[in-house]
Amino acid sequence: MGMGSNGELKYEISQDAYIKLVLHSLRHKTAAVNGVLIGRVSPKDEGIVEISDSVPLFHSNLALLPPLEISLLMIEEHYVAQGLSIVGYFHANERFDDVELCGVAKNIADHISRYFPQAPILLLNNKKLEALSKGKDRSPVMQLCVKDASRNWRVVGADGGSKLLLKEPSANVVLSDYISSEKWKDVTDVDDHLDDVTKDWVNPGLFN
């Protein structure tokens, strides 16, 4: 890629990818959860990473490497035929008021960025999520974190609102509806699948 740093990139996330990750975190409210972002660099503009899908990963033992590596391979294999791959990492901390990037999140994101150097971390902001029901905020309930020139992860500041874009402007309205109808009960993650292979981590019927 011709771009020197990830600071110039924009990340555009589809409504389904976005909502699925938030619902996953709501299903396991008292636990840290994570997921991966699926997509590609935009064929029309290499300054945009298009996140078209997401896969909820774990709600327990997030730091264990063997299940993580097996899962990432399984996920890559599933999406490769569609010309898509893992392009980033999502993390929700265990504590409601915790908006720091923990070591586990950085380690997993480092792993992903070896294969996709532009990979961001999207960190759930619970305060913004809680405020959804009260307001008309159209900005994502996630904070964008990217690697800076010295390869350290940093939260993109207040100006970062323009770097992480919701593809569908009404995504938060739809998300609010799903939350009030307790749609989060229907989300399956890779953890569930490893316990019971009949549970499908692709979540094919989630938005039907």
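Just so it is clear, the model here is predicted, and its values are computed rather than measured.
Using a distance-only test at 3.5 Å, with no hydrogens or angles considered, no donor-acceptor pair links the side chain of Asn172 to the main chain of Leu132. Asp137 places a side-chain N or O within donor-acceptor distance of the main-chain N or O of Ser139, the cut-off being under 3.5 Å. In this structure a side-chain-to-backbone donor-acceptor pair under 3.5 Å is missing from Asp98 to Asn93. Side-chain atoms of Asn61 never come within 3.5 Å of backbone atoms of Leu64 as a donor-acceptor pair (strictly under, hydrogens ignored). Looking at Asp191, its side chain does come within 3.5 Å of a backbone N or O of His59 through a donor-acceptor pair. In this structure, the side chain of Lys128 engages the main chain of Pro140 through a donor-acceptor pair within 3.5 Å. Using modelled atom types, one side-chain atom of Asp192 and one backbone atom of Asp189 make a donor-acceptor pair closer than 3.5 Å. The backbone N or O of Phe58 lies less than 3.5 Å from a partner atom in the side chain of Asn34, making a donor-acceptor pair. Formation of a donor-acceptor pair under 3.5 Å by the Glu168 side chain with backbone atoms of Gln15 is found in this model.
In this structure the side chain of Val33 never reaches within 4.5 angstrom of the side chain of Leu124, judged on heavy atoms. Side-chain contact between Asp53 and Lys20 is present, with heavy atoms from C-beta onward closer than 4.5 Å. In this structure, the side chains of Val190 and Met74 come closer than 4.5 Å at one or more pairs of heavy atoms.
No salt bridge links Lys183 with Asp177; every basic N to acidic carboxylate O contact stays at or beyond 4.0 Å.
Under a hydrophobic clustering in which Ile, Leu, Val, Met, Phe, Trp and Tyr are joined whenever their side-chain heavy atoms come within less than 4.5 Å, directly or via other members, Leu129 and Leu144 fall into the same cluster. A continuous path of hydrophobic side-chain contacts links Trp184 to Met142 [ILVMFWY only; heavy atoms under 4.5 Å]. Linking ILVMFWY residues whenever their side-chain heavy atoms come closer than 4.5 Å, directly or via other members, leaves Leu164 and Ile86 in distinct clusters. Both Val22 and Tyr178 sit in one connected hydrophobic cluster of ILVMFWY residues. Membership requires side-chain heavy atoms under 4.5 Å apart, directly or through other members. Clustering ILVMFWY residues whenever any of their side-chain heavy atoms sit less than 4.5 angstrom apart, transitively, puts Phe90 in a cluster other than the one holding Leu68.
For Lys134, the NZ atom is densely surrounded, since the number of other residues' heavy atoms within 6.0 Å is greater than 12.
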Assess the residue pair Tyr89 and His111 against the criterion (side-chain contact (heavy atoms from CB on, under 4.5 Å)); give the C-alpha distance rounded to whole Å, side-chain angles, the decisive distance to 0.1 Å, and a yes or no. CA-CA 10 Å; Tyr89 176 71; His111 187 81; over 6 Å; no

Under the side-chain contact (heavy atoms from CB on, under 4.5 Å) criterion, do Leu165 and Lys10 qualify, and how do the steps go? CA-CA 7 Å; Leu165 311 164; Lys10 286 191 160 85; 3.9 Å; yes

Chi angles and distances behind the side-chain contact (heavy atoms from CB on, under 4.5 Å) call for Val146, Arg154: CA-CA 6 Å; Val146 297; Arg154 63 174 180 85; 4.1 Å; yes

Could you go through Asp110 and Lys147, starting from their C-alpha distance and side-chain angles, then the distance that decides it, and tell me whether this counts as salt bridge (charged side-chain N to carboxylate O under 4.0 Å, His left out)? CA-CA 9 Å; Asp110 280 340; Lys147 279 194 161 183; 2.8 Å; yes

Would you check, one step at a time, whether the test side-chain contact (heavy atoms from CB on, under 4.5 Å) holds for Leu37 with Leu122? CA-CA 9 Å; Leu37 314 174; Leu122 300 185; 3.8 Å; yes

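Within the model, atoms CD1 of Ile51 and OH of Tyr11 stand 8.0 Å from one another, a figure rounded to the nearest 0.5 Å. With rounding to the nearest 0.5 angstrom, the CD1 atom of Ile112 is 11.5 Å from the CG atom of Asn107. Here Ile179 contributes atom CD1 and Leu26 contributes atom CG; the two are 5.0 Å apart, rounded to the nearest 0.5 Å. Within the model, atoms CZ of Phe207 and CD1 of Ile19 stand 5.5 Å from one another, a figure rounded to the nearest 0.5 Å. Remark: Ser113 OG to Lys106 NZ distance equals 13.0 Å, nearest 0.5 Å. Between Glu77 atom CD and Leu73 atom CG the span is 7.5 Å, to the nearest 0.5 Å.
The heavy-atom pair separating Arg138 from Ser170 by the smallest distance is NH1-N, 4.3 Å. Between Leu21 and Val55, the shortest heavy-atom contact is CD2-O, 4.5 Å. Pairing each heavy atom of Cys145 with each of Trp153, the nearest pair is O-CZ3, 3.6 Å. Closest of all the heavy-atom pairs between Leu62 and Ala32 is CD1-O, 3.5 Å. Of all heavy-atom pairs between Ile48 and Glu12, the closest is CG2-CB, 4.2 Å. For the residue pair Ile13 and Ala17, the shortest heavy atom distance occurs at CG1-CB, 3.9 Å.
Judged purely by distance below 3.5 Å, without hydrogens or angles, the side chains of Asp16 and Ser14 never pair a donor atom with an acceptor atom. Of the N and O atoms on the side chains of Ser52 and Lys167, not one donor lies less than 3.5 Å from an acceptor on the other residue.
Residue pairs satisfying the side-chain hydrogen bond (donor to acceptor under 3.5 Å, both in side chains) criterion with at least one member in residues 65-76, sequence neighbours excluded, are absent.
Ring geometry for His24 against His28 counts as perpendicular: the plane angle is over 60°, on a 0 to 90° scale with 30° as the lower cut. Relative orientation of the Trp201 and His193 rings is perpendicular, given thresholds of 30° and 60° on the angle between their planes.
Not a single ring-ring contact (aromatic ring centres under 6.0 Å, His included) links Phe116 to another residue, sequence neighbours left out.
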